[in-house]
Amino acid sequence: MTEKKEGTKPETPMDARIVSKEDLIAALTALAQDHTVIAPVDDRTGAVFAPTQDAAAVRLEYRNTSLSPKAAVFPQIETLLAFQDGVATETLPEPPETVLFGARPCDARALAMLDRVFQRDGIDDPYVAARRDRLTVIALACDEPGPACFCTSVGGAPDDHTGADVLATDLGEALLMRPVTERGEALLAALDGARPAEAGEIEAAQERSAAAAEKIGRVPVPSEPARLLEAFDSEIWAEIAAGCLGCGACTYACPTCHCFDLTDEHKRGTGRRVRSWDTCALPLFTLHASGHNPRPSTDARLRQRVLHKFAYGPETIDEMLCVGCGRCVSVCPSGIDLRRILARLDGCIAGGGPG
Amino acid sequence: MTEASERRTDAQGDWEPRIAAFLCNWCSYAGADLAGVSRIQYPPNVRVIRVPCSGRINPLFLVKALQSGMDGVLVSGCHPGDCHYISGNLYARRKFALMKSLLEYVGIEPGRVHFSWVSAAEGVRFAELLHTVIESVRELGPAERMVRRVEAMP
Amino acid sequence: MSNPYLPYPVRIERITIENDARDLKTFELSFVEPDHAAAFEHVPGQFAELSVLGTGECPIGIASSPTDGDRVSFTVKKTGVVSDELHRAREGRVLGVRGPLGNGFPLERMRSKNLVIVGGGFAFTTLRALIRYVLHDDHRSDFGDVTVVYGARTPGELLYKDELDAWQDRDDLSAHITIDAAADGWEGHVGFVPTVLDEVAPSPKDAILVVCGPPAMVKFTLPVAAQLGFAPADTLLSLEMRMKCGIGKCGRCNIGHKYVCTDGPVFTLEELSALPAEF
Amino acid sequence: MTVQEQLRHRAAELLADGTIDLFVGYAASDAPLKAAVHVARTAADAEMLTWNSFCAPNVAALLPKLLRRPDGAGEDWAPQRVGILAKGCVSRSIVGLIKAHQIPREAVHVIGVGCDGVVDRHRAARLFTPAAILDAEPLDGDRMLLRGTDGAERTVDLSEILLGSCLDCQHRNAVLADETIGDPVPETGPGPQEDAATSFAARPIDERWEAFEEEISRCIRCYACREACPNCYCTECFAEETEPHWIGVTTDPSDLMLFHLGRAFHQAGRCVDCGACVAACPMGIDLRLLTHKVNRDVEALFGGEASVSLDIVEPLLQFEMTDDEGFITEP
């Protein structure tokens, strides 16, 4: 992952390129020869990130996918260890060089957050790292935000390039592609048909993103995350979580949720240790063998999810673990809306402490 | 614990079906026993799981057996009216009818999943039933559907 | 960098049944690769993920002291899938150990202090590691007076009975062993741990209090400790949480922004009172 | 007064006069095509209650959690009194929960309401793919105006975007109610849509298997379908049991199928076809493909519908000596 960190942001106006949509499709097709290309393609839920060979099927105009592309680095299921006759061996992934094309800036930013989560405290998760090291992210700036978007309230923007190697903006007939890292620069340099962008085109891209930002609703986000703990014992959690059914849809859809389970499987001397996504929304997550559960109610579990993002994230990785993609709002079967929760918390704290 | 099973073969290396048979203690298991002590020949392809009553059989046992790589499943209990617990098999009959239909609906070959009634006195019927079941599974070949494919996982 | 998910292979050298109910066993393990013994450099109070390959892992406090040599011991209660399988294991079987994990007891802070060690039930394991460490000839002179209060429901449920007997005979340790209700042949204390602690009334002066036990015991011990004058900053607790990774990634053992697996399991009462009461 | 006004008024009254401690219904959502499950405890909360064609969740799913006797509750423990807004399917779920002894009849005060069906947001979203729906505005005459993120506007008939179960619904009014609001809506026969289970069953077996595998492989194991279902009140689900370990944790299709076959089968004779699982699924899986089939079989083999009356014993809790034997293998 060293290459990633050393990558600097080149002076964008110098290096920005214009690629026609036709050339883009050709370029993705060429990339797919020796790369895995993960891109948004049509799905009954709108669009979904999937490995694709067919560059023509890639959607530029999609809204947020039902699931984030986090699986590119942190798949729902992966084998960590293989067992044979009582001996464990590591099964580190050796993925091909992979291009994640078309991630929205919020999703790209989430990948940067996951980097920090999985490299915390000097303990590097080698499985996530192996995928991340071989991943090039081409983010696609937003011009039409979705109905649940609130990235601008949590430090993001429709043209944020955090976590991306290249930031692309759809200009209609063509895309403006700006390198963000050396890896991105190298990818662009090899792009057939690209020409240097003109100042007017860069301006046009900025205008589009600015217009998109205008459309995104603002949500009050805690400026002093530590103060959220003042509301820890508040009764508002019971009210907020009253309709919560206790499923894990929000956490699995979330681009920054990263909790996991480790489970063994075996049959006649061979077996494996599997890592799978897990969710703080289910009671089993924290249930002790003794029967004691430190988070015995949906109130406590929903509180954990919200505070993990907005109070604990700033302590552990120095930023809120939310990119404002709005997926949790979109997928929640009982209509729980994180934006309303934040507004509620804001009122609670502003109103002189726990309500 | 439930990878695709290695395929059972006979001495010639030909595939032989493996059947999980859930038999109630009072009738069908006794029927199988009778077949044994009467020296009635039946093929060795079956793994018998004795249960107290066909009513004890959670229909998911069948699905689980298929997932674990069994090529076919047989459930057998007392004839209707003869249940040791009066009505266990009658409740079970409703459940089995639904599960059988559901499995076929989703595409599990009907010849893999069998339900029948065998009494303690029906050693011959048990042996014949097994022949029927094994032949119907043999015709279908090794199970593929529903079998867990760990090797297919990343 | 080594893979933090890959356990060291260890062999079961000795299994000791610890209690009458036979659901507590101590497993003494040797490292299959000698290098690993050196790499497994631990302090009392740390824990490890103990693996039965193919069945799973569970976090268990290390019951042996680093002064015990190259072998490492774990006392495990039979409570779930993994511990059931462990209890079925025989000597000679190879298991996996991942660790050491967690912070362990703050030995630097504890040095030259008097120690009051309070434990209950089968949570006594890491306290035993601490006591063995402190009593070791190389370390005993580093610490002041050592008082131990340890209780279990019945005499048969007390862990490490031979050691408890030996401690009673030492003059550099004051051990108070108690059971919940009177039992035939028992001549020691009868009563709950907090009550006995109150009776023993160790001085808080220059002392560190270490508490580890079931939630109810901890709950009733802390007021007694406060009454005796132990400051929250000098009161250490070792916590238990459901864990999976043990390295601060899997996200289930947090109390507020602290992870019990990496920031703990040992916390001062002062630290804990600054965190949400969610444990 | 509109139905919504009556609802707010009655809920507030019931809360005020102490008939109930809380009222379970729906509130407006900021997200398009959705309503929020809403629990009102005060008159102010009751003012937020809403009733429209986005009220897809089956709010009866909350009842077992609200009314379950807590561990260690004493002799004098009494459940709180819960008011609930019940469209036809919700009222059937309440009947089912009462019969399964999951909730006491006297603890619920049911306000019945006639229902014209609720929107399937996935179905609606497909009309705008790959753009998303920004907002929706109900129009007169069972029509709705949808606006997309791409600026497109589209007026649709409700029947184009309703849940499949609503199209087939035969109990649009509450089957159990302490009072009703609004006028009863006419009960309709089988809906305009082709019976999904029958058409699926008509496909060749290999095709069915492929379609089933493809459908189920979408599952991410979030258990939204389970949690959204009033019938899934078990405190420990077979999906998470470790002894025996029914299902591996993976997304291997067989693990997913085992869960979904088990879930559908556990609904046998109990599913009221409310569509809440379909509405809940973030991946748009057509879960009704399974439950509807089981419902059809129960109906055909044993007769009757689940939970339409407190007096009828659920079909899987009874038997006839003459039950169908057509599936039995004869040697």
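Chain letters run A, B, ... following the sequence lines, proteins first, then strands; residues in each count from 1.
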Point-to-point distance, once rounded to the nearest 0.5 Å, from [atom1] of [X] to [atom2] of [Y]:
| X | Y | atom1 | atom2 | value |
| --- | --- | --- | --- | --- |
| D:Glu241 | A:Leu284 | CD | CG | 10.5 Å |
| A:Trp277 | D:Arg221 | CH2 | CZ | 13.0 Å |
| D:Asp255 | A:Ser276 | CG | OG | 10.5 Å |
| D:Asn58 | A:Leu245 | CG | CG | 10.0 Å |
| D:Thr129 | A:Glu61 | OG1 | CD | 10.5 Å |
| D:Cys219 | A:Gln76 | SG | CD | 8.0 Å |

Please determine, among [options], the option with the most heavy-atom pairs under 4.5 Å with chain A.
| options | result |
| --- | --- |
| D:Arg41, D:Arg226, D:Glu215 | D:Glu215 |
| D:Ala31, D:Ala61, D:Ala228, D:Ala280 | D:Ala280 |
| D:Asp30, D:Asp45, D:Leu66, D:Thr235 | D:Asp30 |
| D:Met283, D:Glu240, D:Glu227 | D:Glu227 |

Side chain, backbone, both or neither: which part of [X] has an atom under 4.5 Å from a heavy atom of chain D?
| X | answer |
| --- | --- |
| A:Pro145 | backbone |
| A:Cys250 | neither |
| A:Val274 | side chain |
| A:Ala148 | neither |
| A:Arg339 | side chain |

Would you mind checking which part of [X] comes under 4.5 Å of any heavy atom in chain A, side chain (CB onward), backbone (N, CA, C, O), both or neither?
| X | result |
| --- | --- |
| D:Leu22 | neither |
| D:Ala279 | neither |
| D:Leu62 | side chain |
| D:His38 | neither |

Might you point out which heavy atoms bring [X] and [Y] nearest each other, and give the distance in Å?
| X | Y | answer |
| --- | --- | --- |
| A:Arg63 | D:Ala132 | CG-CB, 3.3 Å |
| D:Leu134 | A:Gly146 | CD1-C, 4.2 Å |
| D:Tyr223 | A:Leu282 | CD1-CD1, 3.9 Å |
| D:Cys222 | A:Cys247 | O-CB, 3.6 Å |
| A:Glu265 | D:Val249 | OE2-N, 4.5 Å |

CD/D:Glu236: more than 12 non-hydrogen atoms of other groups inside 6.0 Å: yes
Within 6.0 angstrom of A:Glu214 CD, more than 12 heavy atoms from elsewhere: no
Donor-acceptor contact present, side-chain A:Arg44 to main-chain D:Gly284, <3.5 Å: yes
Under 3.5 Å: donor-acceptor pair, side chain of D:Arg121, backbone of A:Ser330: yes
Among the listed options A:Ser334, A:Pro333, A:Ala47, A:Gly248, the residue most often paired with chain D at heavy-atom distances under 4.5 Å: A:Ser334
A:Asp43 with D:Arg218: basic N within carboxylate O range, under 4.0 Å: yes
Validation row: D:Lys34, A:Cys332 side chains within 4.5 angstrom (heavy atoms): yes
